[in-house]
Every structure is written in C-alpha cells, then in structure tokens.
Amino acid sequence: MDVIQEVLQTVKKRNQGEPEFLQAVTEVLETLGPVLARHKKYKDAQILDRIVEPERQIFFRVPWMDDQGRIQINRGFRIQFSSAIGPYKGGLRFHPTVCASILKFLGFEQVFKNSLTTLAMGGAKGGSDFDPKGKSDNEVMRFCQSFMTELFRHVGADCDVPAGDIGVGGREIGFLFGQYKRLRNEFTGVLTGKGLNWGGSLIRPEATGYGAVYFAQEMLKTRNETLEGKVCTVSGAGNVAQYTVEKLLQLGAKIVSLSDSNGTIYDKDGINQEKLAWVMDLKNVRRGRISLYIEEYKAAKYYPDKRPWGIKCDCAFPSATQNEISGDDAKALLDNGCFLVAEGANMPTDPEGVERFLAAKILYGPGKATNAGGVAVSGLEMAQNAMRLGWTKEEVDNRLHMIMSAIHKSCFETAEEYNQPGNLVAGANIAGFMKVADAMLDQGLV
Ligand code: NDP
C-alpha cells in the first residue's frame, strides 16, 4: 500500500464518525501523490502523518441564560490545526450542525488556504452548536460573553486570531471582542472582522465575496473571457453571497438566484443594486428569510427546500455551506451549460461533483483558493493592528486583488508543473501543502 493510502487508513481509524473531516483529508491527500514521488524528504519526515493531526483541540462547555431565565448549555470548540507558518488563524462558526468533524474539516482546509494567501498565518477553526437564529441581541451577547470566558485563555494576537464564519458576523465579533478586552485588560488584534471604529479593516466584510469574483475573473482571463453579461447563480444570502453579488453587479454580470437553508429565489430579471440592498437589510438587520423576496419582487419565484443548481447559468458561485452541490447538482449545472464554478463556501461540492467538474474541464475554483480573500484581508487587518494604522479602502482592495491574482497564478502554475494543466484543485493542494511542509521540515519534529 502506498504512503497516502496508509495515512488515510490511520485517519479513518482515528476519526471514526467524522465524515466531513475524512472527506477533506481524502480530497487533499489524494492529489499529493506527484509531490511525494518528486520530493522524498516529505515521506522520510512523515509529514503526511503529522499534518493530518491537529496540534491542539479544545472542547468546552458554554453555559448561558436565555431571556426567560432558563439555563442553556452549548458546546464550544477551537481546533488549532497548524502553526507551521504563523499564528493559528481561522473563523468561528455558530450553527446547530457544528461538531468536531465539521470544525476539523474546516481547520484542515484553512491550513492550505492560509498558506496560499502569501501571508504568514497558520490554520484553525472554532465555534459552537449555538444557533443565533431567532435569538435576541441580549441572548447572543450573553452567549458570546460566556463563550469568550473560556476561549480567551487559548487565543491572542500572536497566538490564535479567530474571525467570523457562518452565524458569526460583526455583531458577534463585537460581543466577543468586548469580553476578551475585559478579561485581559488589553486592546489587541485578537479577532478580525472588527468594527471600523475599533480596529477593523475596510473591505473585510466584502473580502470573501469580492475575492471569489476576482478569482473567477482570473480563471476567465485564461480563456479570454470576462464576466460582462454572464448569467450567474449564487447560493446563500449571507456575507459571502451578498458581496459576491455586489462585485458581480459592478462587473456587468446578471445574477438570478440567492438562497438560504429554507429555499431558493429565482429572479429572471436579475438582482440589481436596489434588490441587493433590500436583501442586505432583510438578512443583516431584520434577520428574515429569503422567501420574503417574492413578496417584495413579485416577478421572482421561490422554491422551498431547493438549491439553485437546476437554474440555467454560465457561472455558479456556491456561497452557503459544505456539500451543497451533489454529483447530480453538478450534472445539472453542466447539462445547462455552466462553464465556471467559483466556490465562495468551504467544500461546497461533494467528491462526485468535483470529479464531474474536473472531467468536464470547466473553470473550477476550489474553495480553499477561491474564498481565501476573506482570511487574506483578515491578515491585512492584523498587519494594520500591529502598526496601529488603517489603510484606505483602495489600498486594501488593491492588495486583495493582487493576492487573489497571486493565488490563481500559484494554483495554475503548480498544476502545470505537476502535469495536470487546468486542475486548480491539485494546484491549490500541492502549492498550499509544500509551503507548510517545508516549514515543518525546517522546525524539526513538530
Ligand atoms: P453567513 O452566516 O453570513 O451566511 C450563510 C448563508 O448560507 C445563509 O444564507 C445561510 O442560510 C446559508 N446556509 C448556512 N447553512 C446552510 C445549510 N446547511 N444549508 C443551506 N444553506 C445554509 O455565512 P458566510 O456567508 O460567512 O459563510 C458562507 C460560506 O462561506 C461558509 O461555507 C463559510 O465557511 C464560507 N466562508 C466564509 C468566509 C467569511 O469571510 N465569512 C471566508 C471563507 C469562507 P440560513 O440563514 O438559513 O442559515
């Protein structure tokens, strides 16, 4: 048996009942064969055995009191996966599905993603099975305060810098930061995604969505194409989806869908700036369901419990959650002529779907490359905090643009170098892996 299969067998044995984690590890390891064949040093130093094991996993109780005075107990997590190339860095997710498997998959992906950004950041992920939906601001605040009352001892500006993810936006980051500051009595850049008045960076809210679109532009350039006039489907209606739509609009694309966990809206006339502003208010202020869109915009249709992948489009931007594109969804997209998929979400396409996209040789940008703009600007927020300076919007956006171009170049060229031209999955995994693996070699048995 070759070394990759041996490591995968151990991972399976050690992490039973963790399908998302196994999926992510399998997807990465199975693309690393050519690197191991070319560079014996990684095999000799057993880098694969080490890189699949998180450096540290923290699980903790989060007790809090709801508005009725009842005691509630949630589970908190922080998976500090790798600090080979910088302090641990990665988001916090608050969603009822959160468990060790999901956070380990996200932490593992984060290691390679952060390596691709060109910045010095290790990989981590954390969160809770707490569901902010339907909770009052006070309940969310009490939960965040209790969560940070344990987490604060494990994080810090030079140690581990969490950010947002599903269910954790500006409101939650504010409550978490406030509690950290009280406990530590210091004002440091311990979290990113902060408010602009207290250490946040311009363009951080926009970064993941904008970055995904910049990455799509880079992919299109290789075929002398642009986004102008392209029909695009977008899933999700949260942070990533909203700013993906905003940037697509600026570039002249037509966006026809959005979704949430209850269903999909299809607007054949296209979602324009005014409709997007309405969605942002619905999701960020009123915190309502996307189904309400058809009451406001009567020509649109709502499909309960459906994802947007049956809608005809040129380009698809999955921006909701993992495994939201199945093999059948991928087939439907391809049958309808979709020729570009840019993953704003993490691991949104299941293994069968990935295989279909690769076999069809469409422009396919895997999440760890395409959505790296979010963590890249988080890295820029850390740099600004360290200097106690704030850059202009243009400066941050330019840097984001340059980073996304560099990530595409690195994935594209690495794929060519390893004889898999156009395969950005292999390119991203190999390029991300080598930087971390080389750092591990330099640092001894860690
Ligand atoms: P938000 O919480 O802002 O939005 C998430 C959106 O996805 C919501 O519309 C939500 O619907 C929907 N969604 C969540 N879970 C499911 C589900 N199980 N099935 C269907 N729809 C679902 O999160 P973000 O926009 O920040 O994150 C979206 C994706 O992008 C995630 O995969 C995240 O890991 C990834 N990502 C985010 C980054 C960031 O900077 N924020 C950076 C890189 C990646 P509902 O409201 O009904 O739950």
Side-chain angles (χ1 to χ4, degrees), residues 20 24 89-99 102-103 105-107 109-110 113-114 116-117 123 125-127 130-134 162-173 191-193 201 203-212 215 234-246 257-265 279-280 282-284 286-293 303-309 317-326 329 342-349 365-379 381 400 404 407:
E20 294 86 1
K89 180 90 195 91
L92 296 171
R93 177 176 290 192
F94 292 169
H95 194 272
T97 56
V98 161
C99 58
I102 287 185
L103 295 180
F105 119 62
L106 289 164
E109 288 280 294
Q110 197 82 42
K113 179 190 313 198
N114 292 4
L116 288 170
T117 61
K125 202 80 188 187
F130 172 75
D131 187 358
K133 258 189 245 121
D165 189 75
I166 291 177
V168 179
R171 174 182 63 170
E172 290 75 16
I173 293 291
L191 291 153
T192 57
S201 173
I203 302 290
R204 177 59 189 93
E206 293 88 342
T208 309
Y210 279 20
F215 195 88
V234 177
S235 66
N239 172 270
V240 179
Q242 291 169 17
Y243 289 104
T244 295
V245 172
E246 183 167 284
S257 75
L258 282 171
S259 68
D260 62 20
S261 47
N262 296 108
T264 291
I265 60 108
V279 170
M280 285 182 166
L282 173 76
K283 284 293 174 186
N284 308 342
R286 290 181 283 145
R287 300 186 189 272
R289 311 310 301 157
I290 199 68
S291 55
L292 292 174
Y293 186 95
Y303 302 109
D305 300 322
K306 286 263 184 298
R307 297 160 180 165
W309 316 127
F317 291 82
S319 310
T321 194
Q322 64 275 357
N323 291 328
E324 54 169 314
I325 300 184
S326 65
D329 293 327
E343 295 184 340
N346 282 307
M347 206 168 75
T349 310
K368 68 170 74 63
T370 309
N371 70 34
V375 73
V377 174
S378 276
E381 184 173 328
L400 169 64
M404 296 316 297
I407 294 173

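Here the structure is a predicted model, which means the values were calculated and not measured. Residues take their numbers from the sequence shown, with the count starting at 1. Order of appearance sets the numbers: ligands from 1, and atoms from 1 within every ligand.
Of the protein's non-hydrogen atoms, the one nearest atom 4 (O) of ligand 1 is G238 CA, 3.3 Å.
Ligand 1 lies less than 4.0 angstrom from a heavy atom belonging to K133. In this structure, Q242 has no heavy atom closer than 4.0 Å to ligand 1. By the 4.0 Å heavy-atom criterion, R289 is counted among the residues contacting ligand 1. Residue-ligand proximity: P348 is placed with every non-hydrogen atom at 4.0 Å or more from ligand 1. Residue M347 places no heavy atom under 4.0 Å from ligand 1. Look at G169 and you'll find every heavy atom at least 4.0 Å from all atoms of ligand 1.
Under 4.0 angstrom from ligand 1, the non-hydrogen atoms of R204 all belong to its side chain. Counting heavy atoms under 4.0 Å from ligand 1, residue A207 does not touch it at all. Residue contacts with ligand 1, taken as heavy atom pairs separated by less than 4.0 Å, do not involve E324 at all. With a heavy-atom cut-off of 4.0 Å, H95 touches ligand 1 through its side chain alone.
For the residues I290, L258, V240, V279, the heavy atom positioned nearest atom 37 (C) of ligand 1 is part of V240. The residue among D260, I166, T192 with a heavy atom at the shortest distance from atom 14 (C) of ligand 1 is I166.
If you number the atoms of ligand 1 from 1 as listed, the ones under 4.0 Å from a heavy atom of G344 come out as 30 (O), 35 (C), 36 (N), 44 (C).
An N or O contact shorter than 3.5 Å is missing between S319 and ligand 1 by distance.
Each of E20, R93, K113 was checked for a side chain to side chain donor-acceptor pair (under 3.5 Å) with N346, and the lone residue meeting it is K113.
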